[in-house]
Amino acid sequence: MIRTTQVNVPRGMIDLGVGQPDFELLPVDLLRRAAARRLADGDRGFLNYGYEQGDGHFRLALADFLERHYRQPVAASSLMTTAGTSQALDLICTCFTRPGDTVFVEEPTYFLALRIFADRGLQVASVPTDENGLQVDALETLLAEQRPAFLYTVPTFHNPTGITLPAGRRERLLALSREHEFLVVADEVYQLLYYAKEPPQPLATFAGSENVLSLGTFSKILAPGLRLGWIHTSPSLLAPLVESGLLASGGGLNPFTSALVQVVLAEGWLDQHVAKLQATYGSRLATMDAALKAGLGDAVEFLTPRGGFFFWVKLPEGLAATAFRETARRNHVDFRPGTLFSGAGGCQPYLRLCFAFYDEAQIGAGVRRLGQALDEFMSLRRSTPR
C-alpha cells in the first residue's frame with residue numbers, strides 16, 4: 001500500500017485518538033478558487049525564494065484577520081511565516097536553546113512537543129496543572145530552584161486536557177517570566193476554535209508580553225497539508241529567528257502556499273470557514289459529551305471542554321490506560337493513553353479522545369464501543385485472581 005497521509009486507521013476501527021481534522025472538512029473548493037485567482041494575476045514572485053520573515057502582503061492579510069478575531073491590534077511586523085507549529089517550535093529550539101538546557105512543560109503536555117525537545121537534547125521539567133490549567137504557584141516554587149530556557153504552554157483548549165488558562169493566571173505567568181527572565185512559548189493553535197464563550201486573549205496580546213512567542217497555524221482552521229503557520233512576538237525575539245541560517249539559505253518559509261492563503265484571508269473566506277468549523281465541532285463535542293455520560297456514566301471522570309479538539313478522561317481508580325487499550329482495540333476502538341503526554345512518567349489512568357476526526361454517528365458508535373470495552377476490562381480484572 002502506498003501511503004499519502006499520516007492517518008492510518010485499520011478498516012473497521014474507530015480511532016478516537018486521531019487528533020486531526022476530518023478529511024470531509026478540508027476545503028478543496030475554497031483552495032481551488034484561491035489558487036486559480038492567484039495564479040492568474042501574473043505575479044511570479046511567490047515562485048522564487050521568499051522574504052525571510054514571510055511575504056509582506058500575506059502578513060498584512062494575516063494581521064487583519066487576527067485583529068478581527070482577537071479584537072486587539074496585531075502588526076504585520078510582529079508576525080513571521082512558519083511551516084506550521086512543529087517547525088516553528090523546532091526553529092525556536094535552534095535559536096534559543098542548546099543541548100542540555102532545561103525547558104518547563106505542563107503536566108500533561110502535547111506529546112509530540114516532548115519528541116521535539118528530546119531531538120534537541122533538552123531536559124524537561126514538568127509543572128503541575130489543575131482544573132484551571134498551569135499551577136502558577138507551583139511554577140514559582142520551581143523557579144526558585146532553576147531557570148528554564150523557556151516554558152512551553154498550551155494555554156487555550158489545552159492538548160490533551162481541553163482546559164483554558166484564566167486571564168489572571170496568564171498575567172501572573174507573564175509577570176514571573178519577566179521577573180525570572182525566561183521565554184514563554186505559547187502554542188495557541190486552538191484559540192479560534194471555541195464553541196461557547198470566547199477564551200481569554202492570546203498571550204502575545206497581553207501587556208508586558210515582549211518575551212512571549214505565540215504559535216499559530218492554519219492546520220486546525222484550514223488544512224494541515226498546507227504546512228503553514230506563524231509566530232507572533234516582539235521584534236527583538238523575531239530577529240534571531242528571521243536571521244537564522246535556515247532562512248538565509250532557503251529564504252522565507254512557504255511563499256507559494258502563503259500566496260494562496262493570502263487570497264483566502266483577504267476575501268474573508270477563512271472567516272466563513274472558521275464559523276463552519278465552530279458549528280461542526282461544537283456539535284461533535286456535544287455528541288461526545290452526551291455519549292460519554294450515557295455510555296460510561298460514573299465509571300470515568302472528565303471535564304467538558306468548551307473548545308479545541310479533545311476530552312481528557314480518567315479511568316476508575318487502579319486502572320491503567322495502556323493496559324485498557326488492548327481491550328479497546330479488540331472492540332475496534334482506540335485512543336491515546338495518558339502516559340504519552342507526561343514528561344514525568346505519570347498520567348497512567350488517563351486517555352485522550354478527539355471529536356474532530358469523525359462525524360456524530362461515528363463518535364457515538366466509538367464511545368459505545370469504548371463503554372463495552374471498559375465493562376469487559378473491568379470484568380476481566382474482577383475475575384482475575386490476585
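Values below: all heavy atoms of this structure, side chains included; hydrogens, waters and symmetry mates excluded.
Counted within 6.0 Å of NE2 on H69, heavy atoms from surrounding residues, nucleotides or ligands total more than 12; the atom is thus considered enclosed. Within a 6.0 Å sphere centred on CZ of R115, heavy atoms belonging to other residues, nucleotides or ligands number 12 at most. In the displayed structure, Q6 atom CD is contacted under 6.0 Å by at most 12 heavy atoms of other residues, nucleotides or ligands.
Distance alone, capped at 3.5 Å, places no donor-acceptor pair between the R352 side chain and the F310 backbone. T102 contributes no side-chain N or O that, together with a main-chain N or O of P148, makes up a donor-acceptor pair within less than 3.5 Å.
The ring of Y152 has its center closer than 6.0 angstrom to the ring center of F117. For an aromatic pair to be called close, the ring centres must be under 6.0 Å apart, and F335 with F324 satisfies this. For F309 and F157, the ring centers sit 6.0 Å or farther from each other.
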Apply side-chain hydrogen bond (donor to acceptor under 3.5 Å, both in side chains) to S214 and E188, showing your working. CA-CA 6 Å; S214 174; E188 302 189 283; 2.5 Å; yes

Determine, step by step, whether Q348 and T339 satisfy the side-chain hydrogen bond (donor to acceptor under 3.5 Å, both in side chains) criterion, reporting the C-alpha distance in whole Å, the side-chain angles of both residues, the deciding distance to 0.1 Å, and the verdict. CA-CA 6 Å; Q348 298 284 343; T339 51; 5.4 Å; no

Determine whether R170 and T153 satisfy the following criterion, side-chain hydrogen bond (donor to acceptor under 3.5 Å, both in side chains), listing intermediate values before the conclusion. CA-CA 11 Å; R170 293 175 187 232; T153 177; over 6 Å; no

Evaluate side-chain hydrogen bond (donor to acceptor under 3.5 Å, both in side chains) for D55 paired with S258, printing each intermediate quantity in order. CA-CA 7 Å; D55 178 86; S258 61; 5.7 Å; no

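Note: Y70 and H232 have parallel aromatic rings, judged against thresholds of 30 and 60 degrees for the angle between ring planes. Relative ring orientation between F58 and F218 is described as tilted, the plane-to-plane angle lying within the 30° to 60° band.
Taking D130 as the reference, R169 meet the side chain to side chain donor-acceptor pair (under 3.5 Å) condition, with sequence neighbours excluded. Not counting sequence neighbours, R44 has no partner by the salt bridge (charged side-chain N to carboxylate O under 4.0 Å, His left out) test.
Counting heavy atoms from C-beta outward, P224 and P21 have side chains that approach closer than 4.5 Å.
Between Q146 and A125, the shortest heavy-atom contact is NE2-CB, 4.0 Å. The minimum heavy-atom distance linking S283 with E360 is given by the pair OG-OE2, 2.5 Å. Closest of all the heavy-atom pairs between T161 and P108 is CG2-CG, 3.6 Å.
Cation-pi check for R284 over F355 is not met; the charged atom does not lie both under 6.0 angstrom from the ring centroid and within 45 degrees of its normal.
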